[in-house]
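What follows is a short report on a single structure.
Please read all numbers here as calculations on a predicted model, not as lab measurements.
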Amino acid sequence: MKPKIIIAFASLLIGLTATLDWVVFSVNNGNLAFNDLKTQYIARFPAAFAAFYANNIGLVTFVLFLLLMIAGSLFLTEKRGLYKILGTVASVLGAWQLLSLM
């Protein structure tokens, strides 16, 4: 496997995991107000990471956006159909991260 595909898979996996974690948590706790939801979501992480995440949520979202867009661009340069689909998924998730950053 090409190194750029390994990088693309790793970037997609990180971005997809973070996005799915948030979606599943928010669906399971949909009865909470957004601020309470965000506070409880951040409280799930270890103390050091939770403090960083709470104070730099925009930076974390931007890094996820970059990872997903890198994965999308690397996948879309390949000729195989599966890579094109993964590139499209990564790009859509990256756009979602960008919209949540605004």
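The structure places CG of Leu66 at 10.0 Å from CG of Leu98, a figure rounded to the nearest 0.5 Å. Going from atom CD of Gln40 over to atom CG of Leu32 covers 5.0 Å, rounded to the nearest 0.5 Å. Of the inter-residue distances, the one linking Ile85 atom CD1 with Phe75 atom CZ reads 11.5 Å to the nearest 0.5 angstrom. Note that NZ of Lys4 is 13.5 Å distant from CD1 of Ile70, once rounded to the nearest 0.5 Å.
Nearest heavy-atom pair across Ser11 and Ala71 is CB-CB, 3.8 Å. Residues Trp96 and Val23 share a closest heavy-atom pair of CH2-CG2, 3.4 Å. Nearest heavy-atom pair across Gly15 and Leu64 is CA-CD2, 4.1 Å.
Taking the side chain as every heavy atom from C-beta outward, Leu68 and Leu16 never approach each other to under 4.5 Å. At least one side-chain heavy atom of Leu86 sits less than 4.5 Å from a side-chain heavy atom of Phe9. Annotation: side chain of Ile57 is in contact with side chain of Lys38 (closest heavy-atom distance under 4.5 Å). Between Arg44 and Asp21, some side-chain heavy-atom pair lies under the 4.5 Å cut-off. Using a 4.5 Å heavy-atom threshold, the side chains of Ile5 and Leu74 count as separate. Contact annotation: the side chain of Thr61 never approaches that of Phe65 to less than 4.5 Å [non-hydrogen atoms, C-beta and beyond]. Between Leu67 and Gln97, the closest side-chain pair of non-hydrogen atoms is not below 4.5 Å.
Leu13 is not connected to Ile6 by any chain of hydrophobic side-chain contacts under 4.5 Å among Ile, Leu, Val, Met, Phe, Trp and Tyr, and they are in different clusters. Leu37 and Val24 are assigned to two separate hydrophobic clusters, defined by single-linkage of ILVMFWY side chains at heavy-atom distances under 4.5 Å. Val89 and Leu76 sit in two unconnected hydrophobic clusters of ILVMFWY residues. Membership requires side-chain heavy atoms under 4.5 Å apart, directly or through other members. In the hydrophobic cluster analysis, where Ile, Leu, Val, Met, Phe, Trp and Tyr join through side-chain heavy atoms closer than 4.5 angstrom, Phe62 is grouped apart from Val92. Linking Ile, Leu, Val, Met, Phe, Trp and Tyr whenever their side-chain heavy atoms come within less than 4.5 Å leaves Leu93 and Ile7 in two separate clusters.
Taking the six-membered ring where tryptophan is involved, the planes of Tyr41 and Trp22 are perpendicular, since the angle between them exceeds 60° and thus also 30°.
Crowding of Phe49 atom CZ: a count of heavy atoms from other residues, nucleotides or ligands under 6.0 Å exceeding 12.
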